[in-house]
Amino acid sequence: MKKVLSSEQSGRSMVEMLGVLAIIGVLSVGGISGYSKAMAKYRANKTLDQISLLITNIRTLYANQYNYTGLDNDALEDFELVSADMKSGTDYVNPFGGKIKIEATNGGANFAVTYTGLDKQACITMATADWGSTASSGLVSVAVGEAATTTDAIDSATTFTWVSGTGSNSKTFPVSPVTASEACAGTENGITITYR
């Protein structure tokens, strides 16, 4: 009687399992990175859409008026010019978690839309958008950078301001990506867009 020993193994070796786990880890890191980039792009696009919608709604509401006196965040809510996803408690927030501020400026002749808390890429995206390069657009100025978070600080040295029109204070629209990158180099970036 002869005994036959079988040397066939069933299952996987430890080395094979470690290889599979390493591949899964690499794919997971790539997936998470891709997801993070996609979400950042989504938030930037949503912010662009929000600002464009706000500007259009405000200009439409005040189309037959001579000025924007009384325009502020409370007025936006009264006239239902903002979407529900922009409201957080008593504040308006943008997709990056920063605040949104709307106010009449220059004695009511203009209005400003300010977004704060933008990351660098979103700040660059907002700065390089064409907010209105023609005289009929109503664009007065675009301030970008850390000091652009309040209209009182728009003329600060750390803020790049582009003023429509002609003269020594005017710049070309839209803003170049290189210039926007310099303006958005801070840690608390914002953008203030002023229209008449």
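Summarising the geometry of Pro95 relative to Lys46, their closest heavy-atom pair is CG-CG, 3.8 Å, with the distance given to 0.1 Å. Shortest non-hydrogen contact noted between Ile124 and Cys184 is N-SG, 3.6 Å. Summarising the geometry of Ile100 relative to Gln50, their closest heavy-atom pair is CD1-OE1, 4.0 Å, with the distance given to 0.1 Å. Between Gly107 and Thr69 the shortest heavy-atom distance is O-OG1, 4.1 Å.
Put simply, the side chain of Asn94 gets close to the backbone of Gly97: a donor and an acceptor are under 3.5 Å apart. In this structure a side-chain-to-backbone donor-acceptor pair under 3.5 Å is present from Ser36 to Ile32.
Rounding to the nearest 0.5 Å gives a distance of 13.5 Å between CG of Asn110 and CD1 of Ile193. Interatomic distance, OH of Tyr115 versus CG of Asn189, reported as 16.0 Å (0.5 Å rounding). Put simply, CG on Asn106 and CZ on Arg196 are 11.0 Å apart, with the number rounded to the nearest 0.5 Å. Here the straight-line distance linking atom CG of Leu53 with atom OG1 of Thr60 works out to 9.5 Å at 0.5 Å rounding.
Checked by atom type, the side-chain pair Tyr68/Glu103 shows no donor-acceptor distance below 3.5 Å.
Applying side-chain hydrogen bond (donor to acceptor under 3.5 Å, both in side chains) to Lys99 and the options Asp91, Thr116, Asn73 leaves one that passes, Asp91.
The cationic group of Lys87 lies under 6.0 Å from the six-membered ring centre of Tyr92 and within 45° of the ring axis, placing it in a cation-pi geometry.
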